[in-house]
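For ligands, and for the atoms within them, numbers begin at 1 and follow the listed sequence.
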Amino acid sequence: MGKPVVIWSPAYEVDIGPHVFPTAKYRLVRDRLLSDGVLDPGDLVEAEPVTDATLLLVHTPEYLEKIRENRFTAMERIMLEMPFSSALANASRICCGGTLAAARAALRDGVAVHIGGGFHHAFPGHGEGFCLLNDLAVAAAALLEAGAVHRVLVVDLDVHQGNGTASVFAEDPRVFTMSVHQERNYPDHKPPSDLDIGLADRAGDAEYLAALHAHLPDIVARFRPDVAIYVAGADPYREDQLGGLALTFEGLRQRDAYVLETLLDHGVGVAVTLAGGYAIREGDTVTIHATTVAEALRATLRPC
Ligand SMILES: [Zn+2]
């Protein structure tokens, strides 16, 4: 197996003014990986935007029109919790392309990384919680539509429940959504995933990893996905401003290694996306994401 594809885009660094979401993190993660020698510049592939036809596999035509015309209600703007701009729309569309490209590459190579993605709070007809378009759902739907896969597993390990993705695939047996999150956190209303594991406030490394060990191998064995999309949120970190779990750097690294190993041991390719991360020190978020990428690059597809 060659070196996994690593996808990114400079477009993700959208100017959203003073905001808890650090849009510079994508560039900073890339720079950290380059300066640490984990990546060479030639390893990076730039993401390309998806077409409307691809977005329409998940999102409604009315919603895409609202995005195109910047025509949202006051409530919709409040729910997005992020200032809308054409740059944000452009970044979101490219981001869907990045996760789709990573999923395609994972099918081929075993592992692929998107230094971006994980916008799991976006629904077909509205955005919320910093998520305009659901790159995970678009990527899964596009692979299914193309007949490239029959079953997709979404392993969502952001600290917040993956409400948008759960909702998109609620009635679709071809996609298994698994979410491990902090129960008493956003979103208030959690449409059921195929498996939701809501952890108690301040749950730490041991409880978190025990939950994964208890469920992930069983799901992979029973569902037999053709590919997995891993939503590797950095926000279960103990010093996250929007998270209330208590994972350490080492716990998060072990989480990443375990997810990759479990899937690859079953012969399932993994597309890694980064998702949320709002550490008090921006550098901590960058460290967690960069470690996830390094773990993915270390992992290899083993014969099953
Ligand atoms: Zn989150």
For residues Arg281 and Glu239, report the shortest heavy-atom separation together with the two atoms involved.
NH2-OE1, 2.7 Å

Suppose we only allow N, O or S atoms; which atom of His160 ends up nearest to the Zn ion (ligand 1)?
ND1

Give me the ring orientation class for His126 and Phe123: parallel if the planes are under 30° apart, tilted from 30 to 60°, perpendicular past 60°.
parallel

Are a donor atom and an acceptor atom from the side chains of Gln161 and Asp196 found within less than 3.5 Å of each other?
yes

For the Zn ion (ligand 1), find the closest N/O/S atom on Asp235 and give its atom name.
OD2

If you check every N/O/S atom of Asp158, which is the one nearest the Zn ion (ligand 1)?
OD1

Counting backbone and side-chain atoms alike, does His120 have an N/O/S atom under 2.8 Å from the Zn ion (ligand 1)?
no

Is the ring pair Phe21/Phe130 parallel, tilted or perpendicular, if the boundaries are 30 and 60 degrees?
perpendicular

